[in-house]
Amino acid sequence: MRLFLALEPPPALRARLGALADLAQAQCGGRRVPDESLHLTLAFLGEVETARAETLIEWLQGEAPQGGEWRLDRWGTFRRPGIVWVGGSTPDPALAALQARLWDGLEALGHGGPPTRFVPHITLLRRARRLSIEALPPVDLTWRWRRLTLLRSFTLDDGPRYEVLARSA
Ligand code: 2AM
């Protein structure tokens, strides 16, 4: 199964991000990520066997992140897959530390290693037709995060769907 570790926005922030996704779609076209799927990926694990997934679930349930605040204040794009996202204009040390700590744990469990570059982002649109984010209004949101979620990704005809497998303390 295809797994990843992420932070899930609380409901009020999810709704705000959904409204931004609507604005972005009106401007850029493409496929809007449904509100319930909005997330920040911290570690993408790819295909994981069932037995290893069970170990991951137990490990995650023993984790208790301290939490932090992430300031979301910029639009961004990943050109080739046509992704439009929101994220932070400056690197966030707490998120970077969380990501590094997670990968230490994941590597100890035998799961590869971190990507060479970690660009924290929340994908709002996929397959955008125009990456004209300069026309979008400014963003300034704060995300108070703490719990981590292990998610399973399925690919359906109209895009990915996610199932929650476990959460940290
Ligand atoms: P995206 O939002 O930029 O598309 C589930 O697929 C999550 O893992 C998504 O958030 C996706 O990022 C991310 N993801 C998918 N494939 C990935 C890969 N090969 N490397 C890193 N992250 C990936």
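Note that the structure is predicted; figures quoted are calculated from it, not measured. Read the numbers this way: they start at 1 and go in the same order the structure lists the ligands and their atoms.
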Query raised in the report: Near His39, which atoms of ligand 1 are under 4.0 Å from a heavy atom of that residue?
Result: 7 (C), 9 (C), 10 (O)
Query raised in the report: Charged N to carboxylate O below 4.0 Å: is that the case for Asp92 and Arg71?
Result: no
Query raised in the report: For Arg126 and ligand 1, does the shortest N/O to N/O distance drop below 3.5 Å?
Result: yes
Query raised in the report: According to the interplanar angle, ranging from 0 to 90°, do the rings of Phe78 and Trp85 count as parallel (below 30°), tilted (30 to 60°) or perpendicular (above 60°)?
Result: tilted
Query raised in the report: Quick one: which ligand 1 atoms are inside 4.0 Å of a heavy atom on His121?
Result: 1 (P), 2 (O), 3 (O)
Report task. Answer yes or no: does atom CZ of Arg16 have more than 12 heavy-atom neighbours from other residues, nucleotides or ligands under 6.0 Å? Result -> no
Query raised in the report: Which atoms from ligand 1 have a heavy atom of Arg2 less than 4.0 Å away?
Result: 15 (C), 16 (N)
Report summary line: Nearest non-hydrogen protein atom to atom 20 (N) of ligand 1, with distance, is Phe44 CD2, 3.6 Å
Report task. Compute whether any side-chain donor of one residue and acceptor of the other, for Thr149 and Glu8, lie under 3.5 angstrom apart. Result -> yes
**Report entry** Where ligand 1 meets Thr41 - atom numbers and elements under 4.0 angstrom, heavy-atom basis
**Finding:** 7 (C), 8 (O), 9 (C), 10 (O), 13 (C)
Query raised in the report: Between His39 and Ser37, is a side-chain hydrogen bond (donor to acceptor under 3.5 Å, both in side chains) present by the stated rule, with each step listed?
Result: CA-CA 6 Å; His39 66 274; Ser37 296; over 6 Å; no
Query raised in the report: Against heavy atoms of Thr123, which atoms of ligand 1 measure under 4.0 Å?
Result: 1 (P), 2 (O), 3 (O)
Report task. State yes or no: are the ring centers of Phe154 and Tyr162 separated by less than 6.0 Å? Result -> no
Query raised in the report: Any idea which part of Ile83 is under 4.0 Å from ligand 1, heavy-atom wise: side chain, backbone, both or neither?
Result: side chain
